[in-house]
Amino acid sequence: QVHVVESGGGLVQTGASLKLSCVASGRTFSSTTIAWFRQGPSKGREIVAASSGSTGSTYYTNSVKGRFTISRDNAKNTVYLQMNSLKPGDTAVYFCAVGPGSFIWTTPDSYDAWGQGTQVTVTS
């Protein structure tokens with residue numbers, strides 16, 4: 001059974017930075033795709049960034065390119081999301097998701113293990 005735990009959310013002002021962490025266990029972490037999704041108020045769940053452990057490829061949704069960076073420490077079974085220049089539009093619950101293989105999917109239903117989410121609130 002895969003266990004996923006996120007941490008690092010908080011309340012910040014526009015322009016600030018936050019670093020989210022996701023620890024996943026129960027699967028071969030180094031070869032697995034890990035993604036960050038977010039769900040804002042009255043919105044669907046959207047992918048933010050993803051990292052393929054097997055290929056080293058990364059994916060970012062357009063709205064966060066140049067501001068967010070996904071990285072991973074396979075020795076610690078941890079994926080990070082460094083978020084810089086935060087905007088009110090980034091306000092959401094951020095979820096870490098673990099995929100069943102190494103391909104980077106962009107839809108939530110392609111991931112089979114999820115964390116409980118961590119709240120990020122950006123004030124203007």
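Note that the structure is a prediction, hence the values are computed from the model and not measured.
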At their closest point, which heavy atom of [X] faces which heavy atom of [Y], and how far apart are they?
X     : Y     : answer
Thr78 : Val23 : OG1-CG2, 3.6 Å
Gly99 : Thr32 : O-CG2, 3.2 Å
Ala49 : Leu81 : CB-CD1, 4.1 Å
Leu20 : Tyr94 : CD1-CB, 3.6 Å

Inter-residue atom distance [X].[atom1] - [Y].[atom2], 0.5 Å rounding:
X      : Y      : atom1 : atom2 : result
Phe37  : Phe95  : CZ    : CZ    : 11.0 Å
Gln116 : Thr118 : CD    : OG1   : 7.0 Å
Asp73  : Ser30  : CG    : OG    : 11.5 Å
Arg67  : Gln82  : CZ    : CD    : 12.0 Å
Glu6   : Gln119 : CD    : CD    : 12.0 Å

Centroid-centroid distance, Phe68 to Trp36, less than 6.0 Å: no

Val122, Thr121, Thr91, Thr123 screened by side chain to side chain contact (heavy atoms under 4.5 Å, CB included) with Leu86, the one that passes: Val122

Criterion side chain to side chain contact (heavy atoms under 4.5 Å, CB included) on Met83 and Thr69, from CA distance to verdict: CA-CA 7 Å; Met83 305 186 295; Thr69 303; over 6 Å; no

Hey, does the side chain of [X] reach the backbone of [Y] with a donor-acceptor pair shorter than 3.5 angstrom?
X      : Y     : answer
Asn77  : Ser25 : no
Gln39  : Val93 : no
Ser102 : Ser54 : no
Thr55  : Ser57 : yes

Within 45° cone of Tyr80 ring axis and under 6.0 Å: Arg72 NZ or CZ: no

Inter- and intrachain pairs under side chain to side chain donor-acceptor pair (under 3.5 Å), touching residues 10-22, at least two apart: Ser17-Asn84

What donor-acceptor contacts under 3.5 angstrom involve side-chain atoms of residues 104-111, with partners at least two apart or in another chain?
| unit_1 | atom_1 | unit_2 | atom_2 | d |
| --- | --- | --- | --- | --- |
| Thr107 | OG1 | Asp109 | OD1 | 3.0 |
| Thr107 | OG1 | Ser110 | OG | 3.0 |
| Tyr111 | OH | Trp105 | N | 3.4 |
| Tyr111 | OH | Trp105 | O | 2.6 |

